[in-house]
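This structure is a prediction, so every number in the text was calculated from the model and none was measured. Side chains included, hydrogens not; waters and symmetry mates left out as well; all remaining heavy atoms used. Proteins come first, then strands; the chains are lettered A, B, ... in the order of their sequence lines, and each starts at number 1.
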Amino acid sequence: MIDIRGLREDPALVKELLGRRGVESSIVEELTALDAAYRDAVSARDELRSRVNETSRRVAEAYRNKEAAEAERLKEESRRLGAELEVVAAQATDLEGRRKDLWLVIPNVPSPDAPVGAGEDDNVVVRYWSSDGGSSVEAPDLDYPAHKRVPHWDIGVELEILDLERGAKLSGSMFPLYKGMGSRLIRALTSFALDAHADSFLEIRPPTFVKRETMISTGHLPKFADDAYQMERDDLWAIPTAEVPLTSMARDEILEADQLPLRMTAATPCFRREAGSAGRDTRGLLRLHEFDKVELMVYATPAQAQEMHIEILSRAEALLRQLGLTYRVLDLCTGDLGASSRRTFDLEVYAPGVDRWLEVSSVSWFGDYQARRANVRYRTEPGGGVEFVHTLNGSALAWARVIAAILETGREADGSVTLPPVLTPYLRGAARIPVPEAEI
RNA sequence: GGAGAGGUGCCAGAGUGGUCGAAUGGGACUCACUGCUAAUGAGUUGACCUGGGAAACUGGGUCCGAGGGUUCAAAUCCCUCCCUCUCCGCCA
């Protein structure tokens, strides 16, 4: 949730910044109006409640003084005030609910540093990286031989490591089934990444299904309910990313300043209905209802947040470099920013077979937007006041698309795939995926 | 799933209708004493909403697992739900 006090103080600024991401100023004005009405109602309710309380106190007093008649009279008065209170309180409750409903669906105020733009075409490429060219603001040479211009779904069938038809048989399209080296590759990548972060990130294995409140904390509900899988009977939701459970780890808690920054990492499956993109990218591993991902998440003080943002980004990039994959870093423009985010960098790997840049990581700084929803605070100093923490997270990394890029990038002329050497120790020494011998 | 016990402040723990935001102990913080640490003494110590104030501070309201109800009045009585513990059952 945005800082509603900040909104009261400077509505023009909030309107301006939210306008950059396409939020109508009338919506902000509506929240301002509801907020004012809510506060009036609360004052009226509290004043009346105060009188009821006072009257009740006098009832007790009257009884103590053995003034039964006076007590009866006060009880009658209190009853009358109570009836009045009920009406006023109902109004306050109604306004509070309407204010909260609107408050919850208003997206975060973007960072003034985020590039202004309408949509993904306006994202800014910060840099490219390739194993040949290193880091550069110039796009690398994307000149690949024909044998690398084969889509991973064909490679997957050829090498017998992907069986999307059987995945579809079991669960429907966009639920992949990996086998053999395909399956092992996910395990290897997961171990590789978790080990890479083990120096300073606490490894967590969170639950995969979470309560409604947990989804609300990160901003995935109520607005984006259509994108999530729900177990209706128990009102549990399948996590779309480990960000969801990790961000709620400290929900309703007050952390000590010396615990921050608090870094965590988790490998989990991620579930997405992809409701808005039916029919797009239905082939292969480009867009899936279920995929595995390693996530990094940090609780930080506002002062630490920027530095943590860079640290997460660096870690995600380091993995891609070690895997030898060509990638680029995008600074998302205000129009493409996720609803909860203040600023986001996306990492996209280049997959030569499908000739596309694939998003494999999204590194976001949420400010206190999620912390306010999740009520995660910290004590600024021992015995001092409390403030909301800042939350940040980033994938490091989402494996399905990384695997697509590895297969396409590593494909040799004979059809086998050479794997990134860093994975060899995690693959019982295997350095490549051979072409299966033809059956006789 | 069945039976029982229980959920109170940072922690432990008292409190069965009004004087309870809540005893007491511990912790933490501040001050004093001490060369330092420890010990001792005194004091302070919640979060949230809303109003006043530049601020220090201050008025009102809410919060004793959650939500409803009874009552002039609920931590305390009633109902529903959630969670924890013990035993039984089941199970990887």
> According to the Watson-Crick and G-U wobble definitions, with both distances under 3.5 Å, which nucleotide is paired to B:U84?
Replying inline: B:A5

Should [X] be listed as having a side-chain N or O under 4.0 Å from OP1 or OP2 of [N]?
{"X": "A:N53", "N": "B:G60", "result": "no"}
{"X": "A:S50", "N": "B:G61", "result": "yes"}
{"X": "A:R39", "N": "B:G51", "result": "yes"}
{"X": "A:R377", "N": "B:C48", "result": "yes"}

Sugar-phosphate, base or nothing in reach of [X], heavy atoms under 4.0 Å:
{"X": "A:R5", "result": "sugar-phosphate"}
{"X": "A:V52", "result": "nothing"}
{"X": "A:R8", "result": "sugar-phosphate"}
{"X": "A:T55", "result": "nothing"}

> Is the base of B:G60 touched by the side chain of A:D46 through a donor-acceptor pair closer than 3.5 angstrom?
Replying inline: yes

> A:H390 vs A:W365 aromatic rings, parallel, tilted or perpendicular, using cut-offs 30° and 60°?
Replying inline: tilted

> How are the rings of A:F271 and A:Y229 set relative to one another: parallel (under 30°), tilted (30 to 60°) or perpendicular (over 60°)?
Replying inline: perpendicular

Checking contacts here: which listed nucleotide ([options]) is nearest the side-chain heavy atoms of [X]?
{"X": "A:R79", "options": "B:U50, B:G18, B:U71", "result": "B:U71"}
{"X": "A:R49", "options": "B:G61, B:C72, B:U50", "result": "B:G61"}
{"X": "A:V386", "options": "B:U19, B:G61, B:A47", "result": "B:A47"}
{"X": "A:Y38", "options": "B:U50, B:G61, B:G18", "result": "B:U50"}

Send over the distance from [X] [atom1] to [N] [atom2], rounded to a whole Å.
{"X": "A:K211", "N": "B:C83", "atom1": "NZ", "atom2": "P", "answer": "6 Å"}
{"X": "A:D235", "N": "B:G67", "atom1": "CG", "atom2": "C1'", "answer": "16 Å"}
{"X": "A:L48", "N": "B:C72", "atom1": "CG", "atom2": "P", "answer": "16 Å"}
{"X": "A:K66", "N": "B:G18", "atom1": "NZ", "atom2": "C1'", "answer": "14 Å"}
{"X": "A:L85", "N": "B:G60", "atom1": "CG", "atom2": "C1'", "answer": "13 Å"}
{"X": "A:E67", "N": "B:C72", "atom1": "CD", "atom2": "C1'", "answer": "16 Å"}
{"X": "A:L255", "N": "B:A47", "atom1": "CG", "atom2": "P", "answer": "15 Å"}
{"X": "A:D40", "N": "B:G61", "atom1": "CG", "atom2": "P", "answer": "19 Å"}

>> Work out how far the C1' atom of B:G65 is from that of B:U84, and round it to whole angstrom.
In response: 10 Å

> If you measure from the C1' atom in B:G27 to the same atom in B:G35, how many Å do you get, rounded?
Replying inline: 28 Å

> Under 3.5 Å, is there a donor-acceptor pair between the A:R205 and A:T208 side chains?
Replying inline: yes

Give a yes or no on whether a salt bridge exists between [X] and [Y], defined as a side-chain N under 4.0 angstrom from a carboxylate O.
{"X": "A:E76", "Y": "A:R73", "value": "no"}
{"X": "A:E77", "Y": "A:R58", "value": "no"}
{"X": "A:R343", "Y": "A:D331", "value": "yes"}

> If you find the nucleotide of RNA chain B closest to A:I4 and the one closest to A:R57, which residue's nucleotide is nearer the 5' end?
Replying inline: A:I4

